[in-house]
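Structure first, then comments.
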Amino acid sequence: MAELEHVKGLKELSEALKMLPDRIARNALRGAVSAAAAVVRKEARERAPVSTGPLKPGDPAPGTLKRAIFQKQIPELSSLLSQTFYVGVRHGKRYRVRGKKGNRSQDAYYWRWVEFGTSRMSARPFLRPAFEAQKQAAVQALADYLATRIREEVTKLPGSKR
């Protein structure tokens with residue numbers, strides 16, 4: 001079990017995860033990747049522009065784009081040694097009448113226009129710059145979470161020193 005306490009790279013991480021029971025390894029990795037995705041999601045929300053001008057009928061409420069940014073695990077692409085999370089923007093009919101506070105829409109159907117621009121509007125990217133700005137912090141959040149979680153799980157295993 002001493003090998004689990006000194007994980008320094010991806011190869012060592014993979015070996016350490018293989019030494020843990022499958023359920024614990026999968027859950028630890030899922031939590032770590034979720035922590036990394038949360039760093040990027042938070043930065044994207046901070047960078048998302050908010051409308052400050054007058055609203056026309058049918059325009060989304062200010063802050064809809066920020067509220068629509070989410071993270072989600074993709075189980076079909078995840079396994080014991082690989083977890084996939086997606087940071088994206090909610091859009092589409094099913095989000096028009098959903099919201100945490102009353103009936104505030106989370107349908108940011110226009111997010112692509114903001115991110116990539118149009119022939120009439122210059123791009124105001126927020127997702128790509130958020131990832132670029134926080135990718136090192138996301139990797140660090142992943143490493144910190146795994147270091148803590150693996151250490152906790154090793155102490156719980158039978159035959160380990162407590």
Side-chain angles (χ1 to χ4, degrees), residues 7 9-10 13-14 16-17 20 22-153:
V7 176
L10 290 178
L13 171 62
S14 179
L17 289 173
L20 291 171
D22 288 353
R23 181 185 59 78
I24 294 171
R26 182 182 56 247
N27 292 344
L29 188 58
R30 183 184 311 130
V33 177
S34 177
V39 170
V40 175
R41 183 191 73 222
K42 181 180 178 205
E43 182 69 16
R45 283 183 176 167
E46 289 174 6
R47 290 175 178 261
V50 176
S51 175
T52 56
L55 293 178
K56 296 177 222 144
D59 281 355
T64 300
L65 186 57
K66 283 182 182 290
R67 284 192 311 276
I69 297 172
F70 71 99
Q71 77 181 48
K72 177 183 178 186
Q73 184 215 19
I74 310 300
E76 300 83 31
L77 300 176
S78 300
S79 66
L80 177 63
L81 297 176
S82 171
Q83 290 292 318
T84 303
F85 274 74
Y86 177 74
V87 175
V89 181
R90 288 184 186 92
H91 59 282
K93 186 176 181 179
R94 67 179 167 177
Y95 297 110
R96 287 192 188 133
V97 293
R98 285 188 184 174
K100 291 183 180 178
K101 295 180 182 175
N103 196 11
R104 295 171 73 184
S105 171
Q106 292 184 348
D107 179 17
Y109 61 89
Y110 54 90
W111 78 270
R112 287 182 185 90
W113 305 334
V114 176
E115 180 76 12
F116 301 112
T118 67
S119 62
R120 297 179 183 198
M121 179 178 105
S122 61
R124 293 173 55 193
F126 58 96
L127 281 176
R128 291 173 293 158
F131 172 74
E132 290 300 325
Q134 294 298 322
K135 61 185 173 186
Q136 288 302 100
V139 169
Q140 189 60 49
L142 183 137
D144 293 345
Y145 183 94
L146 273 179
T148 304
R149 182 74 186 264
I150 289 175
R151 205 172 296 120
E152 288 173 3
E153 295 300 336

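- Between the side chain of K66 and the main chain of A48, a donor-acceptor pair closer than 3.5 Å is present.
- The aromatic rings of F126 and W111 sit perpendicular to each other, their planes meeting at more than 60°, with 30° as the lower class boundary.
- L55 approaches P60 most closely through the heavy-atom pair CD2-O, 3.7 Å.
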| request: Kindly indicate, with the supporting measurements, whether the criterion side chain to side chain contact (heavy atoms under 4.5 Å, CB included) is fulfilled by K135 and V139. | output: CA-CA 6 Å; K135 61 185 173 186; V139 169; 5.6 Å; no
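- Summarising the local packing, CZ of R124 is surrounded by 12 or fewer heavy atoms from other residues, nucleotides or ligands at distances under 6.0 Å.
- The nearest pair of heavy atoms linking A138 to A36 is O-CB, 3.3 Å.
- Contact detail for L146 and A28: the closest heavy-atom pair is CD2-O, 3.8 Å.
- Residue I69 comes nearest to R45 through the heavy atom pair O-NH2, 2.6 Å, listed as atom of the first residue, atom of the second, then distance.
- Taken to the nearest 0.5 Å, the CG atom of L29 stands 10.5 Å off from the CZ atom of R149.
- With a 4.5 Å cut-off on side-chain heavy atoms, L65 and P49 count as touching.
- Taking OG1 of T84 as the start and CD of Q73 as the end, the distance is 8.0 Å to the nearest 0.5 Å.
- Residue pairs meeting the side chain to side chain donor-acceptor pair (under 3.5 Å) criterion with at least one partner in residues 22-34, sequence neighbours excluded, are N27-R30, S34-Q71.
- Here the closest non-hydrogen pair linking A141 and A35 is CB-O, 4.2 Å.
- The local environment of NZ in K42 is sparse, with at most 12 non-hydrogen atoms from other residues, nucleotides or ligands closer than 6.0 Å.
- In the model, T64 has a side-chain atom that pairs as donor or acceptor with a side-chain atom of R67 under 3.5 Å.
- A pairwise comparison of heavy atoms in R90 and F70 identifies NH2-CB, 3.5 Å as the closest pair.
- Under the rule for a ring-ring contact (aromatic ring centres under 6.0 Å, His included), F116 has no partner lying at least two apart in sequence or in another chain.
- A salt bridge links R47 with E43: the distance from a Lys NZ or Arg NE/NH1/NH2 to an Asp or Glu carboxylate oxygen falls below 4.0 Å.
- Side-chain contact check for M121 versus V114: some heavy-atom pair is nearer than 4.5 Å.
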